[in-house]
Number of protein chains: 2
Amino acid sequence: MNASNRSYSQLAYPIAMTAIPHAPRKQARQARARATQTAIIEAAARILEGNGRDGLTTNRVADRAGVSIGSLYQYFPNKEAIVAALLRREREALLSRIREISAAANDPMAAVSALVDAAMEHQFARPKLALELEYLEASLGIEAEAAELSQQVAEEILAVVRMLKPEADLCIARDAVAICKAIANSAALSGEAEQAKISARLHKAVLGYLR
Amino acid sequence: MNASNRSYSQLAYPIAMTAIPHAPRKQARQARARATQTAIIEAAARILEGNGRDGLTTNRVADRAGVSIGSLYQYFPNKEAIVAALLRREREALLSRIREISAAANDPMAAVSALVDAAMEHQFARPKLALELEYLEASLGIEAEAAELSQQVAEEILAVVRMLKPEADLCIARDAVAICKAIANSAALSGEAEQAKISARLHKAVLGYLR
DNA sequence: GTCTATATAGAGATAGAC
DNA sequence: GTCTATCTCTATATAGAC
């Protein structure tokens with residue numbers, strides 16, 4: 001994804017004292033670089049939340065991240081790459097949560113229920129961001145990769161769903177995901193705030209579908 | 001919406017023959033004007049389907065509609081207005097279909113089922129267009145009006161749903177709509193074409209939720 | 001390796017001829 | 001009332017100083 005992530009940490013430090021001052025400096029630079037990257041990605045996230053996708057300009061991202069536009073382009077080749085990185089960050093977080101649940105699953109009903117909760121928490125942690133990313137995903141030019149992540153999510157979900165409903169196929173899993181997103185988004189958009197109420201409806205919808 | 005829709009047709013024609021050539025000319029111009037408007041809106045629709053929202057530029061719309069950019073701006077004050085008109089066209093078509101079903105409703109189950117079918121037909125008639133419009137709706141600046149149309153849809157749906165489930169509220173109706181859109185979109189996006197299969201899942205999801 | 005300044009391009013929208 | 005030509009603005013991306 002970015003070319004500057006070389007593994008300086010694997011350098012074998014010579015015993016000579018002259019090497020010692022270098023090590024931290026190099027490490028520090030790596031850490032700084034990562035921090036800058038993260039800052040840029042998070043700035044993009046906040047702009048999406050505050051100004052929507054039309055407000056997301058590279059100049060604004062650079063400004064909000066506290067770096068110059070020139071620096072931004074040292075870390076990302078173009079605007080798409082920033083959005084892609086952000087999307088990956090969010091999706092991977094959700095995916096790993098799903099995998100945890102899937103791995104720990106015993107009782108089918110409880111597992112499905114836990115998945116629904118996870119989806120809802122994810123969506124409600126930053127609702128505007130989740131929504132904007134969904135919109136942006138379609139126009140990203142990384143369809144292949146995005147599709148692959150969705151695929152992985154669907155497969156993981158399917159594994160759990162099959163505990164409850166052995167004849168289920170991938171369509172069913174995708175539907176379940178779609179239902180979660182749709183209800184959560186629609187609730188968020190129409191200004192609902194009572195998570196408990198929404199959660200109850202979500203469970204009803206998903207379990208009703210899988211019954 | 002547009003200022004040129006004055007009701008010339010209500011002019012009482014004087015008996016004098018001089019009036020006769022005017023009437024058709026005015027009528028003809030009106031008809032032409034409407035045709036041009038329609039052509040512009042439909043051109044926008046086709047561009048959305050073929051090039052996505054990023055490809056939707058006013059110049060391209062004018063070109064595809066077979067008029068010059070100058071003419072386009074005689075009919076619409078800006079790009080948003082074109083999208084808004086298109087959105088209205090689609091939404092009102094769906095709304096009036098929903099009203100038909102609602103008005104003719106006898107058996108609750110059958111009515112809900114008919115609504116689900118209508119939603120699915122609408123979504124699958126032009127899936128890409130429906131999806132793009134959903135994305136665009138959020139950035140339209142006509143939130144108030146769009147929200148009102150959604151509200152009308154939800155209320156109409158609620159009336160039918162209450163036949164099945166008297167304690168239902170607007171949230172339930174909105175959820176039902178969201179479920180329909182979500183499953184239809186997700187199916188369309190992942191390339192499913194068998195409408196019968198999707199329809200079966202949709203019914204299951206909605207009826208499962210309302211049970 | 002970070003900044004400022006700017007090249008470049010493409011969009012929306014308008015002016016004015018016909 | 002429709003066209004062509006064009007203005008203006010703003011966004012992405014780069015060049016070059018430091």
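Here is the naming used below: chain letters follow the sequence lines, and residue numbers restart at 1 for every chain.
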(request) Answer yes or no: is there an ion pair linking D169(B) with R162(B), defined by an N-O contact shorter than 4.0 Å? (result)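 Looking at R162(B) together with D169(B), the answer is no, because their closest N to O distance does not fall below 4.0 Å.
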
(message) Looking at R201(B) and E192(B), is any side-chain nitrogen of the basic one under 4.0 Å from a carboxylate oxygen of the acidic one?
(response)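 Looking at R201(B) together with E192(B), the answer is yes, because their closest N to O distance falls below 4.0 Å.
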
(message) Just N and O in the side chain of Y75(A): are any of them under 4.0 Å from OP1 or OP2 of dG1(C)?
(response) no

(message) Could you tell me how far apart K79(B) (NZ) and dT14(C) (P) are, to the nearest whole angstrom?
(response)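 Value for this atom pair: 15 Å.
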
(message) In whole Å, I'd like the distance from the CD1 atom of I40(B) to the P atom of dA13(C).
(response)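 These atoms are roughly 14 Å apart.
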
(message) Any heavy-atom pair between the side chains of R53(B) and S139(A) that's under 4.5 Å?
(response)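 Yes, their side chains come closer than 4.5 Å.
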
Please tabulate, for side-chain N and O atoms in residues 43-52 of chain A, each donor-acceptor pair with protein atoms closer than 3.5 Å (sequence neighbours left out).
unit_1: R46(A); atom_1: NH1; unit_2: E42(A); atom_2: OE2; d: 2.9
unit_1: E49(A); atom_1: OE1; unit_2: R126(A); atom_2: NH2; d: 2.9
unit_1: E49(A); atom_1: OE2; unit_2: R126(A); atom_2: NE; d: 2.9

(request) Nearest-nucleotide wise, let me know which of N78(B) and Q74(B) is further upstream toward the 5' end of DNA chain C. (result)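 Its nucleotide being nearer the 5' end, the pick is N78(B).
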
(request) Look up atom CZ in F76(B) and atom OG1 in T58(B), then write down how far apart they are to the nearest 0.5 Å. (result) 12.5 Å

(request) Measure the spacing between NZ of K204(A) and CG of L210(B) and express it to the nearest 0.5 Å. (result)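 Here the interatomic distance stands at 8.0 Å.
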
(message) Within residues 62-73 of chain B, which residues have any heavy atom lying less than 4.0 Å from an atom of DNA chain D?
(response)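 Per residue number, the list reads V67(B), S68(B), I69(B), G70(B), S71(B).
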
(request) Under the side chain to side chain donor-acceptor pair (under 3.5 Å) rule, what do E156(B) and Q152(B) come out as? Steps first, then yes or no, please. (result) CA-CA 6 Å; E156(B) 209 63 41; Q152(B) 286 178 36; over 6 Å; no

(request) Apply the test salt bridge (charged side-chain N to carboxylate O under 4.0 Å, His left out) to residues E137(B) and R91(B): give CA-CA distance (whole Å), side-chain angles for both, the deciding distance (0.1 Å), then the verdict. (result) CA-CA 11 Å; E137(B) 183 174 0; R91(B) 287 287 205 279; 2.3 Å; yes

(request) Could you identify which residues of residues 49-59 of chain B place a heavy atom less than 4.0 Å from some atom of DNA chain C, listed by residue number, or say none? (result)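 Contacts with DNA chain C under 4.0 Å: L56(B), T57(B), T58(B), N59(B).
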
